[in-house]
Amino acid sequence: MTDSKYEPAKIEAKWQALWDKERTFKVEETKKDKIYVLDMFPYPSAQGLHVGHVEGYTATDIYCRYLRMKGIAVLHPMGWDAFGLPAENYAIKTGTHPQKLTWQNIDNYRRQLKSLGFSYDWSREINTADPAYYKWTQWLFLQLYEKGLAYQKTAPVNWCSSCQTVLANEQVINGECERCHNQVEQRQMKQWFFKITEYADELLKDLDKLDWPANIVEMQKNWIGKSTGAEVEFKIKKQKLKIKIFTTRLDTIFGATYLVLAPEHKLIQQLRNKINNWPEVEKYIKESQKRTELERKAEIKEKTGVRLKGLVAINPANQEEMPIFIADYVLTSYGTGAIMAVPAHDERDFEFAKKFGLPIKYVVTPAKVSVSQSKTGVHWLSNQGVFEEDGVLYGCEEFNGLSSSDARHKIAKKLGAKLTTKYRLRDWLISRQRYWGAPIPIIYCETCGIIPVPVKDLPVLLPEDVDFKPTGESPLVKSQSFHQVKCPKCGLPAHRENDTMDTFVDSSWYFLRYCDPQNNQEAFNPKKVASWCPVNFYVGGAEHAVMHLLYARFFTKVLADLGYIKFREPFLKLRNQGLILGEDGQKMSKSRGNVINPDEIVEQYGADTLRLYEMFMGPLEDSKPWNTSSIIGVRRFLEKVWRLATDLITEQQTNNKAEEANLAYWSAYTTKKVTTDIESFNFNTAISILMEFSNVILTTAGAEKVKAIKNLLILLYPFAPHLTSELWEKLGERGYIWQQVWPAWQEESLIKENVKIIVQVNGKVRDTIDCSLGMDQAAVERIAKQSIKVAKFLTGKILKVIYVKDRLINFVVE
RNA sequence: GCCGGGGUGGCGAAAUUGGUACACGCACUAGCUUCAGGAGCUAGCGGGGGCAACCCCAUGGAGGUUCGAAUCCUCUCCCCGGCACCA
């Protein structure tokens, strides 16, 4: 007899209110065992929470609720990455102040997160757009500035004309703005940078210490892009100047047949009088700036370039003369902006040489000569390049017969070339010509120059009297109250820096602020941070692989060097939730109309069902399509648990020894499986075993049933906290369910007296037989041979018998 | 092109890590129950053959190792994600 109906809306509101009122999840800092479990905090968009957020947040919530029942103090906070362009763009359109919209969105996000029953310690909520927070973001800027890690320079930067601001390299994807997909232009601008390149080597090395997904580690490695090689100076004939090139293939220097400079290379302007075809060269330089952009669009990769007529370089290896070109396939910003071209052994040089009819000289045979090549001799000499990195040298004077790697060292020594390391990583451009961000705390004084805002004057508040219309200059320029100040040093009129900081600066240290969120004396108390950090477990989307995750690592290393913290990596273990695709298998997007709104699912099925469904869909890290009709399955399961527990209250108890033993086994087995699955984040299989367990309970009678149901409720609690809290109370148990200790299991309960042994003949399953545990081979063999199903196939001579104890016996017959 | 991750029923997915392939759930089919149901219960549900017991085939494809392969090795095809003239 069911004494009531499962009504999620009612019970979920009830328990959420209680958790709020009793501050159930406020972390006890005094406990000895501490774990910091962190979610990537959301940007509070107008669209509200995405089902993808729900997935990651449910995973950590399950883990945290489980840990607390094990008696561990869990820091599990939430906050808002509240600065950013969308709010400002909305302000431009509607005239609403970005703060108003942002604060509204935050209220909505908070409501949604609470409606899902996530167990955050809300007393630690932070907001990066709150002056109480960004004061310390500005303070951190000043720390970097004093350490020489924040600097200003004029450089070609990525400009998005639609967003009307510059972008960091990390925010440019295939030449497009990551936000609006507008083509990015190159502009010369004076901007603020953080010297992340200073940490390139450590950022690369320490990746090996992290328990992170392989693809994220790989992406960061590629992004940092370390390559070891050598710098070699090439003399220019009859000139005093030398050209310094960088190469990773010094072993091929005897095959170098020309040099190439990037069009922006400084030497070109210095040598302009010596270049016979200057007008042509100048034209190419001008065109190349436009061309890179246009060509990317059209994906034309044909090599272009111009020879610097009148200039000849000398190959230091063999003293041969070689022409010099400029070409835009060589980048100014990498290496020395100049290369030696070895068409025989570099694909790009090969293409260029073919187009311009330049000599191709082979000096390395590949170590592994493929079958077709050995059959046809050395046909690659005539029309193909040899691009393998290792081989044996020939035609290289005293270096003949050496392997590539030996040759690199020996040639470097002879030429006096400097062995160096280069990185692809560039310094982090943090200036943004926008309003809705933390102002850069710098004042420009005509007499004193660049003056950092004194710490006592922080925060530099965002002014209210602003016009948001983007003009290419920061909107802050228009605010007289903001712009004009007195120089803190000499007191004469001066003006503020008008740009704001990239919002990734805000999120590079937020995990530290959670440890001490209300501190108004310092960014954080080092002792408090030391008691929680580094973050033990971090969960979020993979889209932050080379942005947030790299920047936060950089900040951590800087703060360690400044002595504020004692660890050098912020996030020890990282997992990415996979994308949840729309029902059509496509990425969810407004324009496709396949977006699922979590509010609607909660309303229709309840928060516990949504949580459970998202965990049941498949492995956390896989991307998987949404399927609304499947939700009913987990809802049915919860209904079943409801009936199981509420029927129990009125049910007559009977006794049945065999069923009781079976139930005890299942109870122990489920406990073990759910525990190990939560530990390893395999929530989908944890749920399926809970389903099986409830089915077993349903079909069992006996006194053990009460115990089994209570165990089921506790194991299910982290996944479906509202339902289980309610049922625990209905059963008249003492205390709340979350105050229970996570169950242990006895390994002996998992031992069965009888086992089923698979009988195979020649590896094919023919029967299964019941045996008692630990039986020896002879006994099992005897029983197996008695099986008619098996005997049928044992007509030939038995050559061999393979026996795996308690599991399998295999007869090999002829 | 390079790097990373994958291909298992109609669908989402399991598989004790080399030992009964398809657990759990959705969808579907049949029956029961109900005034009714987008509810519940029972049974079936990879393909082929057979009345049946049972037999054969099957984890993208082709080989190989092994008593035994979704799992290990070689080659190959396809999908997803990232990077893309970085010398």
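Note on naming: letters A, B, ... go to the chains in the order of the sequence lines (proteins, then strands), and numbering restarts at 1 for each one.
Rounded to whole angstrom, the span from the CG atom of A:D622 across to the C1' atom of B:G81 amounts to 12 Å. Summarising the geometry, the separation between CD1 on A:I758 and P on B:C67 is reported as 19 Å, rounded to the nearest angstrom. In this structure, A:I326 places its CD1 atom 22 Å from P of B:A87, rounding to the nearest Å. Atom CG of A:N762 is separated from atom P of B:G68 by 8 Å (rounded to the nearest Å). The interatomic distance linking A:M547 (CE) with B:G82 (C1') rounds to 12 Å, in whole Å. Atom CD1 of A:I601 is separated from atom C1' of B:G38 by 15 Å (rounded to the nearest Å). One atom, NZ of A:K624, and another, P of B:G6, lie 14 Å apart when rounded to the nearest Å.
Side-chain nitrogen and oxygen atoms of A:R424 include at least one within less than 4.0 Å of the OP1 or OP2 phosphate oxygen of B:A84. Under 4.0 angstrom from either OP1 or OP2 of B:C80 there lies no side-chain N or O belonging to A:N215. Listed pair A:Y334 / B:A87 meets the phosphate criterion, a side-chain N or O lying under 4.0 Å from OP1 or OP2.
Taking the six-membered ring where the residue is Trp, A:Y669 and A:W666 present perpendicular rings, their angle passing 60° and hence far from 30°. Under the 30°/60° scheme for interplanar angles, the aromatic rings of A:H548 and A:H544 are found to stand perpendicular.
Counting only heavy atoms from C-beta outward, the side chains of A:Q604 and A:R635 never approach each other to under 4.5 Å. Counting heavy atoms from C-beta outward, A:W626 and A:E614 have side chains that approach closer than 4.5 Å. Side chains of A:V674 and A:P718 form no contact here, defined as non-hydrogen atoms less than 4.5 Å apart.
Using N1 to N3 plus N6-O4 or O6-N4 for Watson-Crick, or N1-O2 and O6-N3 for G-U wobble, each under 3.5 Å, B:A62 pairs with B:U74. Summarising the base pairing, B:C32 is matched to B:G40 through a Watson-Crick or G-U wobble pair whose two defining distances lie under 3.5 Å. Remark: B:C83 base-pairs with B:G1. Criterion, Watson-Crick or G-U wobble with two distances under 3.5 Å. For B:C26, the paired nucleotide is B:G10, the pair qualifying as Watson-Crick or G-U wobble because both relevant distances are below 3.5 Å. Summarising the base pairing, B:C67 is matched to B:G19 through a Watson-Crick or G-U wobble pair whose two defining distances lie under 3.5 Å.
Here the nucleotide nearest the side chain of A:W223, chosen from B:G19, B:A87, B:A84, is B:A84. The side chain of A:K303 lies closest to B:C85, out of B:G25, B:C85, B:A87. For A:I339, whose side chain is taken as the heavy atoms from C-beta onward, the closest listed nucleotide among B:C24, B:A87, B:C85 is B:A87. Considering only the side chain of A:K800, B:C67 comes nearest among B:G4, B:A13, B:C67. Out of B:G4, B:A15, B:A87, the shortest distance to the side chain of A:D346 is found at B:A87. Closest to the A:T685 side chain, of the nucleotides B:A15, B:G12, B:G19, is B:A15. Nearest nucleotide to the A:E692 side chain, out of B:A23, B:C85, B:A87: B:A23.
In this structure, A:K764 fails the cation-pi test against A:F793, since its NZ or CZ atom is not both closer than 6.0 Å to the six-membered ring centre and inside 45 degrees of the ring normal.
The pair A:E639-A:R643 does not meet the salt-bridge criterion, since no charged nitrogen lies less than 4.0 angstrom from a carboxylate oxygen. A salt bridge is defined here as a Lys NZ or Arg NE, NH1 or NH2 lying under 4.0 Å from an Asp or Glu carboxylate O, and A:D349 with A:K303 fails to meet this definition.
A:V546 comes within 4.0 angstrom of nothing in the nucleic acid, heavy atoms only. Residue A:S227 is classed as a sugar-phosphate contact, given heavy-atom separations below 4.0 Å to backbone atoms only. Using a 4.0 Å heavy-atom distance criterion, A:Q604 is classed as a base contact.
Nearest-nucleotide positions on RNA chain B for A:N684 and A:T247 put A:N684 closer to the 5' end. Mapping A:F246 and A:I631 onto RNA chain B via the closest heavy atom, the residue that lands nearer the 5' end is A:I631.
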Quiz prompt | Reading 5' to 3' through nucleotides 39-56 of chain B, protein heavy-atom contacts under 4.0 Å coded B for base, S for sugar-phosphate only, - for none | solution = SS-------------SSS
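Judged by distance alone, with hydrogens and angles left aside, the side-chain atoms of A:N315 form a donor-acceptor pair with the main-chain N or O of A:A317 at under 3.5 Å.
Donor-acceptor pairing under 3.5 Å, judged by distance alone, is absent between the side chain of A:K221 and the base of B:C3.
B:G9 and B:C57: their C1' atoms are spaced 15 Å apart (whole Å).
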